[in-house]
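All remarks here apply to the structure that follows.
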Amino acid sequence: MLQVNYIRENKNLVIQRLSVKNFTDLPLLDDILSLDDQRKTLQLQAETLQADANTAAKQVGDLMKAGKRSEAETIKASTTSAKETIKNLLDKITAIEQTLQQKLVLLPNLPHTSVPKGTTPDDNEIVLSHGNQPTLPQNALPHWDLATKYNLIDFELGVKITGAGFPVYKGKGAKLQRALINFFLTEAETAGYQELMLPLLVNEASGFGTGQLPDKEGQMYFCTQDSLYLIPTAEVPITNLYRDVIVKENELPIKNCGYTPCFRREAGSYGAHVRGLNRLHQFDKVEIVQITQPEKSYQLLEEMSLHVQHLLQKLGLQYRVLRLCGGDMSFASALTYDMEVWSAAQKRWLEVSSVSNFETFQSNRLKLRYKANEGKNPTSAHPQRQRPSPSTHRSRHFRKQPNPQRHKHPPMPTPLHRLHNHFINTH
RNA sequence: GGAGAGAUGUCAGAGUGGUCGAAUGAGCCAGCUUGGAAAGCUGGUGUACUGGCAACGGUACCGAGGGUUCGAAUCCCUCUUUCUCCGCCA
């Protein structure tokens, strides 16, 4: 979610950046700004009235104490009408805020300046290629045939007990799956990530927190009796751990990883590209997530990309890295690298991993912020040491000083950058 | 599933419907002190929105949401959650 004030102060930049994502609904931006203006005006009115009412209420108390009952009654009577006005104003404000919020979440994240303009996967930029394409013998089989031939995966059994898209892994197939999960987790641990085992069902608030709700409600499995959603990715529980949290700067970067099965309804998917393991309703994924300061996030994104590449190399896979174009990247991402492996049998590139920087987009929505370490390094004359970069943060953070007689900047919570990556390890 | 007791700031923990954004203590930060430290002393120490060039203000927040009242951390209702006991069960 973008911040209204950022939009207001950088309107042209926002328009220009959004165009890279082929977003052109400019009236929406004006709507948002105008709604925010209305909100401010009404809020000021309401708060002024409330301030008066508070003063009056105090006077009543004082007068009652002093025994001046009739004067107190007079003031009482006068406040009653103001109360009604305030309530109306507050109701209006709430309605406007809801509308504003609904419109705000329609705006995608601003793409990074390095993101190429484009509309289809063909416009993605190949950053690098590694290794040579394997050549297979004439009689080579695609994985769905191999899986059957060697009794690794039984798709029909999955259909029997659940439905299509729920494969049963057997024997060495199950063992391979377990080994890959273990391999990814171990590597992540070596790279400094804390391993988490997470709930596979989440509540509605979490769904909103990471943006699956309300838009992608139809893509998630839902348990009606308890109003819980099956997670479509570990990103949901891992990220929501930090909903409404203010972390201390010395805790950064936060590095978490976790394996979970993922559940996706994949409504609308069909055809050859869903064959075998290519598109499942339940699949396994190891996710790594970092939360860090804005000025460090892009460096860490590169590190995460290298981490993934290292894994692919260890597995002896030939791969390429793509920088996704504006049209192909996700709504919330500012920059996404996709890692693709060539499937010789299917004769196409398959996405096996993806690394994204969300900048403050999700942090804003989650209300995830951090607080600078005050006084840890008092000799530092440059408070930008751990400050947000000006490009993503408003200078007003610096202006607000509740304690001006001291010459240090007070710690201000700041939205955090969140990065994540996932491995679809079933290919 | 039933019964009871809780939920207050970073933590612990007070809080007769008005003087409560909230005592006190601890922690943390800064200053004084010291050769340096500890101790001691002094001061500071939440978040969001908002007015103002600023100085400095306003509003809201005591698990969440409603209600009563001129006025709610305090009274009422609903929900969430924690603990204790009982029941049931893999």
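Chain A is the first sequence line, chain B the second, and so forth, proteins listed ahead of strands; every chain is numbered from 1.
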For this session: State the pairing partner of U24(B); accept Watson-Crick or G-U wobble contacts with both distances under 3.5 Å, and report none otherwise.
Result: A12(B)
Exercise. Expressed in whole Å, how much space separates the C1' atoms belonging to C28(B) and G66(B)?
Worked result: 38 Å
Exercise. Using atom P of each nucleotide, how far apart are C85(B) and A22(B) to the nearest Å?
Worked result: 40 Å
Problem set entry | Euclidean distance, atom CZ of residue Arg39(A) to atom P of A48(B) [Å, nearest integer] | 14 Å
Exercise. When you measure from the side chain of Ile246(A), which nucleotide among U50(B), U47(B), U59(B) comes out closest?
Worked result: U47(B)
Exercise. Looking at side-chain heavy atoms only, is the closest gap between Tyr337(A) and Leu301(A) below 4.5 Å?
Worked result: yes
Problem set entry | Integer angstrom distance from the P of U82(B) to that of C77(B) | 22 Å
Seminar exercise, completed: Separation of U50(B) atom P from Asp36(A) atom CG, nearest Å, is 7 Å
For this session: Side chain of Asn54(A) only, please: which of U69(B), A60(B), G51(B) is the nearest?
Result: A60(B)
For this session: Return the nucleotide paired to C83(B): Watson-Crick means purine N1 to pyrimidine N3 with N6-O4 or O6-N4, wobble means G-U with N1-O2 and O6-N3, both under 3.5 Å.
Result: G4(B)
For this session: Return the nearest nucleotide to the side chain of Arg369(A); candidates are G67(B), U47(B), U59(B).
Result: U47(B)
Seminar exercise, completed: Taking for Glu97(A) and for Gly61(A) the nucleotide of RNA chain B with the nearest heavy atom, the one nearer the 5' end belongs to Gly61(A)
Exercise. Which whole-number value in Å describes the distance from Lys58(A) NZ to G21(B) P?
Worked result: 6 Å
Problem set entry | Pairwise C1' distance, A54(B) and A73(B) [rounded to whole Å] | 35 Å
For this session: Quote, to the nearest angstrom, the P distance that separates U69(B) from G6(B).
Result: 27 Å
For this session: Evaluate the side-chain contact (heavy atoms from CB on, under 4.5 Å) criterion for residues Lys21(A) and Asn109(A): first the C-alpha distance (whole Å), next the side-chain angles of each, then the deciding distance (0.1 Å), finally the verdict.
Result: CA-CA 9 Å; Lys21(A) 278 201 170 179; Asn109(A) 199 3; 4.2 Å; yes
Exercise. Nearest to the side chain of Glu47(A) - U19(B), C70(B), G58(B)?
Worked result: G58(B)
Problem set entry | C1' atoms of U45(B) and C83(B), separation to the nearest Å | 32 Å
For this session: Could you check how far CD1 of Ile93(A) sits from P of U50(B), rounded to whole Å?
Result: 11 Å
Problem set entry | For atom NZ of Lys87(A) and atom C1' of U68(B), their distance in whole Å | 13 Å
For this session: Can you tell me the distance, in whole Å, between the CG atom of Asp62(A) and the P atom of U19(B)?
Result: 9 Å
Exercise. Looking at the side chain of Gln43(A), which of U59(B), C49(B), C70(B) is the nearest nucleotide?
Worked result: C49(B)
Exercise. Closest approach of Leu300(A) and Pro253(A), non-hydrogen atoms and distance?
Worked result: CD1-CB, 4.2 Å
Exercise. Do Glu287(A) and Tyr259(A) have side-chain N/O donor and acceptor atoms under 3.5 Å apart?
Worked result: no
Problem set entry | Complement of A60(B), any strand, by Watson-Crick or G-U distances under 3.5 angstrom | U47(B)
For this session: Sticking with atom P, work out how far U16(B) lies from A26(B), rounded to a whole angstrom.
Result: 24 Å
For this session: Specify the residue among Ala57(A) and Asp52(A) whose closest nucleotide of RNA chain B lies further upstream toward the 5′ end.
Result: Ala57(A)
Exercise. Looking only at atom P, what distance separates G9(B) and G15(B), rounded to whole Å?
Worked result: 16 Å
For this session: Measure the distance from CG on Asn364(A) to P on C49(B) and round it to the nearest whole Å.
Result: 11 Å
Exercise. Which of these nucleotides, C70(B), A60(B), G58(B), is closest to any side-chain atom of Gln50(A)?
Worked result: A60(B)
Exercise. Counting only Watson-Crick or G-U wobble pairs whose two distances fall under 3.5 Å, which nucleotide matches C32(B)?
Worked result: G40(B)
Problem set entry | Atom-pair distance (CD on Glu84(A); P on U68(B)), nearest Å | 11 Å
Problem set entry | Paired nucleotide for C89(B) [Watson-Crick or G-U wobble; both distances under 3.5 Å] | none
For this session: Classify the nucleic acid contact of Ala56(A) as base, sugar-phosphate or nothing, counting any heavy atom under 4.0 Å across all strands shown.
Result: nothing
For this session: State, with a plain yes or no, whether a side-chain heavy atom of Leu146(A) is found less than 4.5 Å away from one of Leu152(A).
Result: no
Problem set entry | Side-chain H-bond candidate by donor/acceptor type, Gln50(A) with Asn54(A), under 3.5 Å | yes
For this session: Evaluate the side-chain contact (heavy atoms from CB on, under 4.5 Å) criterion for residues Gln346(A) and Asn278(A): first the C-alpha distance (whole Å), next the side-chain angles of each, then the deciding distance (0.1 Å), finally the verdict.
Result: CA-CA 10 Å; Gln346(A) 296 185 53; Asn278(A) 283 339; 2.6 Å; yes
For this session: Consider the side chain of Leu44(A), meaning its heavy atoms from C-beta on, and name the nucleotide among C70(B), U50(B), G58(B) that approaches it most closely.
Result: U50(B)
